[in-house]
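Read through the structure below, which is laid out as structure tokens, and then see the notes.
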Amino acid sequence: MGAGVARAFGRRGFQVGLITRTQAKLDVLVDELTGLGVTAAAFPADIRDRESLTAALTAARNQLGPVDVLEFSPSPTGPITRAADTTVASVAAQFELQVLGAVTAVQQVLPDMRARGEGTVLLTTGVSATVPAPFLANVGMAMAGLWNWAHALHAELRPEGIHVATVTIASGLVPGGDTDPQVIGDRYVRMYEKRDRAEEVIGDPAAFRALVDAAGPNGTPTDGTGRSS
């Protein structure tokens, strides 16, 4: 999905800075974007390592200039726990990735945005942020926190000309369909262009809620919805 977002903004003339842990993955994406005529650069970092993430964003600013659009969308990693099996450690791991990673990234780019009086921050959450799912309990707790903070930032920073929004993914990624990574990337761009709302929902939360209900208290979904948590 991140690659789809990068391509969508790159096609519209943006320079693209890519951050993820794996250098080999970054190299492939940079080569692909460069082949499309997009100026792209890689800055490897572990989002859970705040010093590493800060250093990567600093390097991106130094090479590409101040960030106009920050898009934050890490996939859940680490153990995903059911509600009754959730521990302090399992929740802390997800908050470290989703919430503290987002806070670190936003803190790094926000001073430049405030100085310019403009900028966009798009924070990606999953459907478990708003639809409680027993089988995604610790992830949902972190996603809900990120969703709440994104809406609070939207209200606070909008008068300063800074647009903050959350993109809630309520579907798996389906190439060639409405949730094709490229189609999703275009929807991120429209959020940037229109700047008219605090949330974009991709997919069908009602369908996910029905899946949760069908799974029952001890069930687990079988159609890949863990990716859209």
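What you are looking at is a predicted structure, and each value in this text was computed from that prediction instead of being measured.
- The environment of E193 atom CD is dense: over 12 non-hydrogen atoms of other residues, nucleotides or ligands sit within 6.0 angstrom.
- Counting only residues at least two apart or on different chains, the ring-ring contact (aromatic ring centres under 6.0 Å, His included) pairs with a member in residues 160-190 are H154-H163.
- Between the CG atom of L29 and the OG1 atom of T20 there is a distance of 8.5 Å, given to the nearest 0.5 Å.
- Counting heavy atoms from C-beta outward, V167 and R187 have side chains that stay 4.5 Å or more apart.
- With values rounded to the nearest 0.5 angstrom, L100 atom CG is found 11.5 Å from Q94 atom CD.
- For residues 129-141, every residue pair satisfying the side-chain hydrogen bond (donor to acceptor under 3.5 Å, both in side chains) rule, not counting sequence neighbours, is listed here: T81-N138.
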- Task: Test side chain to side chain contact (heavy atoms under 4.5 Å, CB included) on W149 and V106 and set out the steps.
- Result: CA-CA 11 Å; W149 186 59; V106 171; 3.7 Å; yes
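- For the pair V212/R209, no side-chain contact is recorded, criterion being any heavy-atom separation below 4.5 Å from C-beta on.
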- Query: Going through the distances and angles, do L157 and L110 end up as a side chain to side chain contact (heavy atoms under 4.5 Å, CB included)?
  - Reply: CA-CA 10 Å; L157 296 175; L110 191 55; 3.8 Å; yes
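- Residues M113 and T120 are not in side-chain contact: their nearest non-hydrogen atoms beyond the backbone lie 4.5 Å or more apart.
- Using a 4.5 Å heavy-atom threshold, the side chains of F43 and Q63 count as touching.
- Under a hydrophobic clustering in which Ile, Leu, Val, Met, Phe, Trp and Tyr are joined whenever their side-chain heavy atoms come within less than 4.5 Å, directly or via other members, M1 and L97 fall into different clusters.
- Atom-to-atom distance recorded for D180:CG and I184:CD1 is 7.5 Å, nearest 0.5 angstrom.
- Here V201 sits alone; no ILVMFWY side chain lies under 4.5 Å from its own, so it joins no hydrophobic cluster.
- Among all heavy-atom pairs drawn from S128 and M143, the shortest one is OG-CG, 4.1 Å.
- Under the 4.5 Å side-chain heavy-atom criterion for grouping Ile, Leu, Val, Met, Phe, Trp and Tyr, M191 is not connected to V164 through any hydrophobic cluster.
- For the atom pair CD1 of I169 and CD1 of I202, the computed distance is 4.0 Å after rounding to the nearest 0.5 Å.
- The stretch residues 104-114 participates, sequence neighbours left out, in these side-chain hydrogen bond (donor to acceptor under 3.5 Å, both in side chains) pairs: T58-Q108, R61-D112, R114-E160.
- Annotation: side-chain hydrogen bond (donor to acceptor under 3.5 Å, both in side chains) contacts of T168 (sequence neighbours excluded): T125, E199.
- Here the closest non-hydrogen pair linking G101 and L53 is O-CD2, 3.5 Å.
- Remark: D46 engages R48 in a salt bridge, criterion side-chain N to carboxylate O under 4.0 Å.
- Contact of the P44 side chain with the R21 side chain is not registered, since no non-hydrogen atoms from C-beta on lie closer than 4.5 Å.
- The neighbour count for R116 CZ, taken as heavy atoms of other residues, nucleotides or ligands under 6.0 Å away, is above 12.
- Salt bridge status for E96 with R50: present, with a side-chain N to carboxylate O gap under 4.0 Å.
- Taking the charged nitrogens against the carboxylate oxygens, D186 and R12 do have a contact shorter than 4.0 Å, which makes a salt bridge.
- Pairing each heavy atom of I19 with each of A56, the nearest pair is CD1-CB, 4.0 Å.
- For L136 against F208, the heavy-atom pair with the smallest separation is CD1-CZ, 3.9 Å.
- When side chains are defined from C-beta on, I80 does not count as touching F135, because their heavy atoms never get closer than 4.5 Å.
- The CZ atom of R190 sits 8.5 Å away from the CZ atom of R197 when rounded to the nearest 0.5 Å.
- Put simply, V28 and V38 are part of two different groups of oily side chains (I, L, V, M, F, W, Y) that touch within less than 4.5 Å, one to the next.
- Contact detail for A129 and W147: the closest heavy-atom pair is CB-CB, 4.0 Å.
- Annotation for P159 and A155: closest pair CD-O, 3.5 Å, computed over non-hydrogen atoms.
- Summarising the local packing, OH of Y192 is surrounded by 12 or fewer heavy atoms from other residues, nucleotides or ligands at distances under 6.0 Å.
- Taking 4.5 Å as the limit, some side-chain heavy atom of V69 sits within range of a side-chain heavy atom of F9.
- For residues 27-42, every residue pair satisfying the side-chain hydrogen bond (donor to acceptor under 3.5 Å, both in side chains) rule, not counting sequence neighbours, is listed here: R7-E32, Q23-D27.
- Of the inter-residue distances, the one linking F14 atom CZ with L64 atom CG reads 12.5 Å to the nearest 0.5 angstrom.
- Across L122, I47, T166, a single residue satisfies side-chain contact (heavy atoms from CB on, under 4.5 Å) together with F72, and that is I47.
- Follow the hydrophobic side-chain contacts under 4.5 Å out from V5 and you never reach V183; the two are in separate clusters.
- Using modelled atom types, one side-chain atom of T87 and one backbone atom of S90 make a donor-acceptor pair closer than 3.5 Å.
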